[in-house]
Amino acid sequence: MSVAALTLYDRALGAYLGFAIGDALGATAEFMTAREIADTYKGGLRNIVGGGWLRLRPGHVTDDTQMALALGDALLAARGWDLRMVADSFVGWMRSRPPDIGHACRRGIRRYLVEGTLEAPLSEDNAGNGAAMRNLPVAIATLDEPELLVCCSLEQAHLTHHHPLSDAATLAFGRLTQILLLGGSIGDCRRCVSETLALHPRFRFEPWPGNTSGYVVDTLQTVLHAFFRNDSVESCIVDVVNRGGDADTAGALVGQLAGACYGVHDIPPRWLRQLDRGIAERVQRQTAALLSLPRPLPLRAPSTRSIPLPTTE
Ligand code: MN
Ligand code: MN
């Protein structure tokens with residue numbers, strides 16, 4: 001199917017399934033090195049086989065997809081933006097005994113439970129991937145509303161992560177996703193990325209600096225480097241997860257961009273079969289429901305912030 005013929009639904013479902021598949025596939029290699037992966041999987045890790053440090057069942061997903069689904073559930077329950085409902089949904093998720101939870105996410109959700117506050121204090125160790133990784137439902141729900149994308153993305157981010165680089169990466173992924181969902185080209189993405197790099201030179205990713213940790217700068221570099229040098233959902237995800245490190249999160253984010261770019265029909269059928277059926281159905285239902293939310297997305301509660309201006313480093 002030609003990319004030009006893709007509908008918004010093809011792209012949005014491609015993004016969400018690509019995201020979940022990148023998570024499920026990458027989880028096997030999370031915290032491994034590229035050498036260890038190459039030694040373990042002849043020809044590279046190319047199938048969803050589970051395992052990894054979480055001993056995941058094949059096709060199951062980790063915190064990345066689960067938190068995105070929790071965020072999407074809150075958007076749908078509110079039929080708009082209500083940050084407290086997002087926080088409550090994260091609480092419900094944390095209480096569901098998830099397979100894993102990041103340090104900053106746990107701390108932020110606990111702070112909300114104890115203090116009721118909706119914003120983490122600015123912190124040097126809040127530059128992990130947690131905020132950027134779960135923002136896809138916001139990008140879908142605020143399509144064509146760039147100011148709402150900024151406002152809602154940063155509000156959900158600051159529940160657990162409050163750091164300028166996390167903010168910048170969350171917005172960069174959000175904007176790129178929206179450009180692609182709306183049918184924009186790779187060239188449009190390049191122009192958007194140039195603007196981000198002008199504000200945040202440390203995000204430069206060509207040549208690839210070679211780091212794959214849970215630091216959001218490493219993840220953004222790894223994901224963008226792979227996205228711009230591959231031309232399919234499969235090649236993007238395989239490229240990223242075989243570099244190891246935070247492989248599930250980077251795999252999810254590159255799957256999100258590639259799925260939005262090339263559409264759901266470009267996802268290898270074996271991966272669609274290998275992804276847990278319950279997860280796939282939830283993703284599909286949520287994608288359709290997010291796309292049918294009222295536009296512009298109603299703000300159901302007073303916003304905690306005015307829309308910020310971009311800051312340089
Ligand atoms: Mn994860
Ligand atoms: Mn991860």
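Atoms within a ligand are numbered from 1 in the order they appear, just like the ligands themselves.
- Aromatic ring pairs are classed by plane angle as parallel below 30°, tilted from 30° to 60° and perpendicular above 60°; the pair F19 and Y16 is perpendicular.
- Between F227 and C261, some side-chain heavy-atom pair lies under the 4.5 Å cut-off.
- One N or O on the side chain of S89 and one on the backbone of A70 form a donor-acceptor pair closer than 3.5 Å.
- The main-chain N or O of A68 is never found under 3.5 Å from a side-chain atom of R134 such that the two would form a donor-acceptor pair.
- Judged purely by atom type and a 3.5 angstrom limit, Q156 has no side-chain atom pairing as donor or acceptor with the backbone of L83.
- Excluding waters, the set of protein N/O/S atoms under 2.8 Å from the Mn ion (ligand 2) reads E30 OE2, D246 OD1, D248 OD1, T249 OG1.
- Using modelled atom types, no side-chain atom of E155 and backbone atom of V150 make a donor-acceptor pair closer than 3.5 Å.
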